[in-house]
Amino acid sequence: MRFSKMLIPTAKEAPSDAVLPSHIYLLRAGFIQSVGAGLYNFLPLGKRSLDRVRQVVKEELDAAGCLEVDLAFVTPAELWRESGRFEKYGKELLRFTDRKENEFVLGPTHEEMMVNLVRQSVKSYKQLPLHLYQIKTKFRDEIRPRFGLMRGREFLMEDGYSFHKDEADMKREFDHMEATYSRIFTRLGLDFRVVEADSGAIGGSGSKEFMVLADSGEDTIVVCEGCDYGANIEAAVRAPKAAPEYEEGEAPEMSEGEFHTPGVTTIDALAEFFHLDPHHLIKAVAKKALYDEGKEAIVLFFIRGNDELEETKACNAVGANELIDVSEEELRAAGLTPGYMGFENLPEEISYRIDKELRGESDLIMGANREDYHRIGVTVPEFGDIFADLVAVQEGDCCARCGGRLHYTKGIEVGHIFQLGTRYSEPLGATFLDENGKSRPFVMGTYGIGVSRLLAAIIEQHHDDRGCIWTRESAPFDLEIIVSNIANDTEREAAEALYRTLSAKGVAVLLDDRKERFGFKMKDFELIGIPLGIVVGKKLAEGQVELIVRDGLERLDVAVEAVADEVLKRV
RNA sequence: CGGAGUGUAGCGCAGCCUGGUAGCGCACCUGCUUUGGGAGCAGGGGGUCGAAGGUUCGAAUCCUUUCACUCCGACCA
């Protein structure tokens, strides 16, 4: 392609609302254009990169035995009612009616549609396993779209769904997809980590996320420095937290009873009051849990004084759709005493959970559910269905697998794989006949890659202060040839010859033949970030051109006759 | 949805407080010069100042309403 014939509107300045390098550079280099909150147009360069990334995804999935399909974008609300997600998915689901007042939604994900497709055409275990996928625009009416392609409302996603006769085969496919996705992200030149994850709104048992490591990532992930354990903070686990080390006889011991603690309502104050490490205190965190059909309830979570509540875990522990903050007034109205809450002598209708690390622990202090009093010498029961993992792993905690130190890092979620089980096949009545002629629901897996988000993730990880640095398989072109002075016929003709030779050999070349000065074209080359550049300029008089590697901006002088081979070695 | 903020040319901004009919830089168009690091000179085009209503002889500016967008929280590929 010739630059002079392309539409590549590069800009010196970015809109002031762009913060992330990926957002700024994709806009400035003319890859995308903003049209509204979370909505983007892909311009020619952006479309080329998107297509190449999409191609990598498709090649690997096809090689892994998956079948590409393309489902309707507009989906009948009826299907969503059948699965019970029409209400549950919430406002993110864009709903509308057609002229006959029939309700539809714009597909944010396609479990229902895919199960519907399969239940109509697959009847026997002999047709299993089956893995169908599509690479298609999705729409989610995000509460707060931001960061350019990172979190748009409309985005390109690969979503795959696998159907199996049993759990074991579904797990086999799950591992197979972990390997396949890893190959995709490796080909795209990404530094990523596969981590344990929470299953979220999709539902199901086990799930893993593919996180591209980048400081600007929206997710906090916990990684072990000793082994390859990694998990989203929402699902991370640790070895039980050890008590502080004490000298002989210094460990706290206390008799049971109530203690007058006027005005001592925070963990810090309590620790100071008793001269105790917060490890021995029990913190009560109150939340309001929201359930289906507008039901709500106040729930208390009890954790160690030196721990923090992890909301996703807490939410799962009580089976709620969502947890929200609750005010002091609401607590008092429910018969609770803020600042002095404990799990003994609670009003009957208040439900609670205790962090599992506190199970059977003794010599603890917690609120007495009475103004100005705490209970001391508390022992947590050994049994009951009130225990759950509730706390956020902290930096410096120990790995449950190897005992190594755990650290936080930031990641961009670019892929997520789920072991779904029968979460959708059962309510939607999607069954097959097994070897014994018995009707059974499909055991499913589901898999997703944020294809358009990948473009942002690639730039987050591969850029410098001058612009984008595309990786080999994500770049819109393999090579850019810059004609230093287009008015110089010798230079122009040499560049044209190279352009023809390399294009004929299958290299995707962008020829910058614009009537601009050298510096201007160089800046654009650096901003756009095509991996390789050739400058045809002054050194042509000595029979040489300059080869530039965008990553690091290394330059080498190469003889004109040799440069094509040099390029072919590198693409 | 809760809190904060911004809407003036394609982009970045000034003008608003103290009303007098819109300006700067970049980009764009024409011509000449220039051609190894975002050129110079000369000329030119483009904005119902987010929208609606009000106050006033007169509103980008003051008042009211509304919409959009951005930022901080809960959501997610």
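Protein chains get the first letters and strands the later ones, always in sequence-line order, with residue 1 at the start of each.
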Below 3.5 Å, can you tabulate the donor-acceptor pairs from side chains in residues 540-547 of chain A to any protein atom, sequence neighbours excluded?
from: Glu546(A); atom 1: OE1; to: Arg555(A); atom 2: NH1; distance (Å): 3.4
from: Glu546(A); atom 1: OE2; to: Lys539(A); atom 2: NZ; distance (Å): 3.3

Looking at every strand, decide which applies to Gly537(A) at a 4.0 Å heavy-atom threshold: base, sugar-phosphate, or nothing. base
Which nucleotide wins on minimum distance to the side chain of Asp524(A), given the candidates U70(B), U34(B), G38(B)? G38(B)
Kindly say whether, by distance alone, the side chain of Arg151(A) makes a donor-acceptor pair under 3.5 Å with the base of C76(B)? yes
G25(B) pairs with which nucleotide, Watson-Crick or G-U wobble, both distances below 3.5 Å? C11(B)
For the pair made of CG in Leu43(A) and C1' in G10(B), what is the distance, rounded to whole Å? 13 Å
Closest to the Ala487(A) side chain, choosing from U35(B), G36(B), A77(B): U35(B)
Is it the case that the base of G38(B) and the side chain of Glu516(A) share a donor-acceptor contact (distance under 3.5 Å, atom types as modelled)? no
Interatomic distance, Leu7(A) CG vs G10(B) C1' [rounded to whole Å]: 12 Å
When you compare C63(B) with G25(B), how far apart are their P atoms, in angstrom units rounded to a whole number? 31 Å
Would you indicate what Glu546(A) reaches in the nucleic acid, counting non-hydrogen atoms under 4.0 angstrom: base, sugar-phosphate, or nothing? base
Scan Asp159(A) against the nucleic acid and name what it touches under 4.0 Å (heavy atoms): base, sugar-phosphate only, or nothing. nothing
Which value, in whole Å, describes the distance between the P atoms of nucleotides G47(B) and C11(B)? 15 Å
Any donor-acceptor pair under 3.5 Å linking the side chain of Gln461(A) with the backbone of Leu213(A)? yes
Donor-acceptor pair between Asn232(A) and Asp198(A) side chains, under 3.5 angstrom: no
Strictly by modelled atom types, are Lys538(A) and Ser484(A) linked by a side-chain donor-acceptor pair under 3.5 Å? no
Remember a base hit wins even if backbone is also touched, and classify Val451(A) as base, sugar-phosphate or nothing at under 4.0 Å, heavy atoms. nothing
Indicate, with a heavy-atom threshold strictly under 4.0 Å, whether Glu526(A) touches base, sugar-phosphate, or nothing. base
Does C75(B) have OP1 or OP2 sitting under 4.0 Å from an N or O in the side chain of Arg144(A)? no
Can you check whether any acceptor in the base of G36(B) is under 3.5 Å from a donor in the side chain of Asn485(A), or vice versa? no
Atom CZ of Arg146(A) to atom P of A77(B): distance rounded to whole Å? 15 Å
Asn488(A) side chain vs Glu491(A) backbone, donor-acceptor pair below 3.5 Å: yes
If you find the nucleotide of RNA chain B closest to Met157(A) and the one closest to Val19(A), which residue's nucleotide is nearer the 5' end? Val19(A)
So does Arg517(A) get a side-chain nitrogen or oxygen closer than 4.0 Å to the phosphate oxygens (OP1/OP2) of G38(B)? no
Check: Glu13(A) side chain, G25(B) base, donor-acceptor under 3.5 Å: yes
Just call it for Asn488(A): base, sugar-phosphate, or nothing, with non-hydrogen atoms closer than 4.0 Å on any strand. nothing
Quote, to the nearest angstrom, the C1' distance that separates U6(B) from G12(B). 14 Å
Give, ordered by number, those residues of residues 52-74 of chain A having at least one heavy-atom distance below 4.0 Å to an atom of RNA chain B; if nothing qualifies, reply none. none
Whole angstrom value for the distance that separates P of U70(B) from CZ of Arg153(A): 9 Å
Inter-nucleotide P distance (U18(B), C62(B)), Å rounded: 9 Å
Go through the structure and list residues passing side chain to side chain donor-acceptor pair (under 3.5 Å) with Arg81(A), not counting sequence neighbours. Glu103(A)
Lys12(A) NZ to G10(B) P: how many Å, rounded? 19 Å
Heavy atoms only, 4.0 Å cut-off, all strands: where does Gly152(A) land among base, sugar-phosphate and nothing? base
For Arg28(A), which contact category applies under a 4.0 Å heavy-atom criterion: base, sugar-phosphate, or nothing? base
On RNA chain B, check which nucleotide each of Gly38(A) and Thr312(A) is closest to and give me the residue with the more 5' one. Gly38(A)
Take atom P in C26(B) and the same atom in C41(B), then report the distance between them in whole Å. 10 Å
Between U48(B) and G10(B), how far apart are the two P atoms, rounded to whole Å? 9 Å
